[in-house]
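What follows is a short report on a single structure.
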2 protein chains.
Amino acid sequence: MARTSSGLHERLLASALRLFVSRGFRGTSLADIAADVGCSKASLLYHFSNKEAILTELLMPVGNEVFDLDARLAELDGEEAAVTAIQSFVGITLRFRREIKLLFDNLADVSCLPDLGVEAIDGIRDRLIDAVAGRSTDPRDRIAASIALGGIFATGAADLPYDDRTLREALLTGALRTLGLGPDRAGLDSELGKN
Amino acid sequence: MARTSSGLHERLLASALRLFVSRGFRGTSLADIAADVGCSKASLLYHFSNKEAILTELLMPVGNEVFDLDARLAELDGEEAAVTAIQSFVGITLRFRREIKLLFDNLADVSCLPDLGVEAIDGIRDRLIDAVAGRSTDPRDRIAASIALGGIFATGAADLPYDDRTLREALLTGALRTLGLGPDRAGLDSELGKN
DNA sequence: ACGGTAACTGTCCGAACGGTCAGATCTGAC
DNA sequence: GTCAGATCTGACCGTTCGGACAGTTACCGT
């Protein structure tokens, strides 16, 4: 039935994600993935043109979200750009935790990808830093922006034993504090009805 | 002369570091390293028992420093532990920038190492977070600690075009601000005669 | 001079792995 | 039923790579 065949593609993606995250991209062979879902390696290569294509397809959703964010940020400036960037980046990081871990743990391999190559990643990173720094050129602001973004990235990749709500709030306030943008605690507390 | 033979070991390490950083650990073959220094692959394997041993020896200095830091922190508590941890971690990160980048880009491979395996890394990370969080168990404090440490780590790995002095100062103030330990700006500014 | 040890190398090997291909099977439309 | 196209597979291939090994050279103490 069509269900089985079209479902195989998704099941292959799910297995690949799981295995890539636990054993790494290079540490996972096509045979591993095929065995995990119970199909042949040839069948796997019928659904994906090659191994890199699997990784690309796994990371595409995150890539698109970050790409969209990048476009939206282009029109913003100052504190508005910084806060929007941080909020959105935290959201993306939490929504794609496993993909973020995959990316975080396999940066060297992802950097060699044709679509999501190192130049794309570096470009996005630089523009994100630019936004988070509020378009400031002061090294201190840009380094603070790098800490905030890198910190969110790394924290998202490390699966800490906290629920999404806690993580979102703490990542947000932490990152904004890094930037010196003390989120008027009164406003946040009342919004979240906490403390 | 003995100089040549004992120097080969160091030259191999230097080449391996350079190649690992630029092409990744898995993306660099033993033949690549040997060719880079101009010796045979067999000679390379005379100096290092296997490929992993090269990576281990490259990362050992950083590992030892972090290990020492971990031991020193065990006796500290509260804000003192946090500030000491951040200061030392910034120092280590800057002193071993290339090794940090190597580690950052090849986490999946390093995690499989026998000596510096995933359990060692995770253990160190957890204890560092504990110290940076000032031994607090509040999720917000621990997540903030994770942001600070991850941010320093990621920023050190990304070779931003700033000199060590600028980076050290900005990393320090940024990370401490993340923790809510606003280094009384007046004191710092006057100390550095800035602004 | 000589013997031993450290440094070094050419050659070979086995295993792993990504990828190809010709064909088998299945499915749905007519 | 039959045909076309999609799906799936076993078998096979070429390459790459880490590593083993036997043998050679250089060095050094005696």
Side-chain angles (χ1 to χ4, degrees), chain A residues 1-20 22-59 102 106 108-117, chain B residues 1-20 22-59 102 106 108-117:
Chain A
M1 58 191 80
R3 172 70 59 84
T4 302
S5 56
S6 75
L8 184 56
H9 192 88
E10 311 306 323
R11 274 166 49 214
L12 284 169
L13 278 180
S15 277
L17 177 57
R18 200 171 58 79
L19 293 174
F20 285 169
S22 64
R23 307 182 196 175
F25 176 68
R26 299 260 192 170
T28 305
S29 70
L30 296 181
D32 288 339
I33 303 171
D36 192 60
V37 304
C39 76
S40 71
K41 190 176 61 169
S43 185
L44 168 58
L45 284 166
Y46 169 79
H47 287 278
F48 304 92
S49 54
N50 53 41
K51 195 184 180 187
E52 287 181 350
I54 307 176
L55 186 56
T56 302
E57 192 164 328
L58 280 175
L59 295 179
L102 172 61
N106 297 274
D109 297 320
V110 175
S111 294
C112 299
L113 248 50
D115 293 326
L116 299 161
Chain B
M1 58 192 77
R3 174 69 60 82
T4 302
S5 55
S6 75
L8 183 56
H9 192 87
E10 311 306 322
R11 274 165 49 212
L12 284 169
L13 278 178
S15 277
L17 177 58
R18 200 171 58 79
L19 293 173
F20 286 169
S22 64
R23 308 181 195 173
F25 176 68
R26 300 260 191 171
T28 305
S29 70
L30 296 182
D32 289 338
I33 303 171
D36 193 60
V37 304
C39 76
S40 71
K41 190 176 62 169
S43 185
L44 168 57
L45 283 167
Y46 169 79
H47 287 277
F48 304 92
S49 54
N50 54 40
K51 196 184 180 187
E52 286 180 352
I54 307 176
L55 186 56
T56 301
E57 192 163 330
L58 281 174
L59 295 178
L102 172 60
N106 297 273
D109 297 321
V110 175
S111 295
C112 299
L113 248 49
D115 294 326
L116 300 162

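As the structure is a computational prediction, the values presented were derived from the model and not from experiment. Sequence lines set the chain letters: A, B, ... in the order given, protein chains first and strands last, and positions in each chain run from 1.
- A donor-acceptor pair shorter than 3.5 Å can be found between the side chains of A:E57 and A:H9.
- In this structure the side chain of A:L59 reaches within 4.5 angstrom of the side chain of A:L102, judged on heavy atoms.
- Checking side-chain atoms of B:K51 against main-chain N and O of B:F25 turns up a donor-acceptor pair under 3.5 Å.
- Atom OH of B:Y46 and atom P of D:dA22 are 17 Å apart (whole Å).
- Spacing between atom CZ of A:F48 and atom C1' of C:dG18 amounts to 15 Å, rounded to whole angstrom units.
- We find that NE2 of A:H9 is positioned 15 Å from C1' of D:dA6, with the value rounded to whole Å.
- Contact check, B:H47 against C:dA6: no side-chain N or O comes under 4.0 Å of OP1 or OP2.
- Protein atom CG of B:L8 is 17 Å distant from nucleotide atom P of C:dA6, rounded to whole Å.
- Within 4.0 Å of B:S49, counting heavy atoms only, lies no atom of the nucleic acid at all.
- Taking a cutoff of 4.0 Å between a charged side-chain nitrogen and a carboxylate oxygen, A:R26 and A:D109 qualify as a salt bridge.
- The distance from atom CG of B:L30 to atom C1' of D:dT16 is 12 Å, rounded to the nearest whole Å.
- Between the side chain of B:K41 and the base of D:dG19 there is at least one donor-acceptor pair of N/O atoms closer than 3.5 Å.
- Rounded to whole Å, the distance from CD on A:E52 to P on C:dC17 is 17 Å.
- Take the nearest nucleotide of DNA chain C for A:R26 and for A:A42: the residue whose nucleotide is more 5' is A:R26.
- Between the CG atom of B:N50 and the C1' atom of D:dG18 there is a distance of 9 Å, rounded to whole Å.
- Ranking C:dT9, D:dT9, D:dT7 by closeness to the B:S43 side chain, first place goes to C:dT9.
- The side chain of B:K51 approaches D:dG19 more closely than any other nucleotide in the set D:dG19, C:dC8, D:dC8.
- Here the shortest heavy-atom pairing between B:A34 and B:L44 reads N-CD2, 4.3 Å.
- Between B:L45 atom CG and D:dA20 atom C1' the separation is 9 Å, expressed in whole Å.
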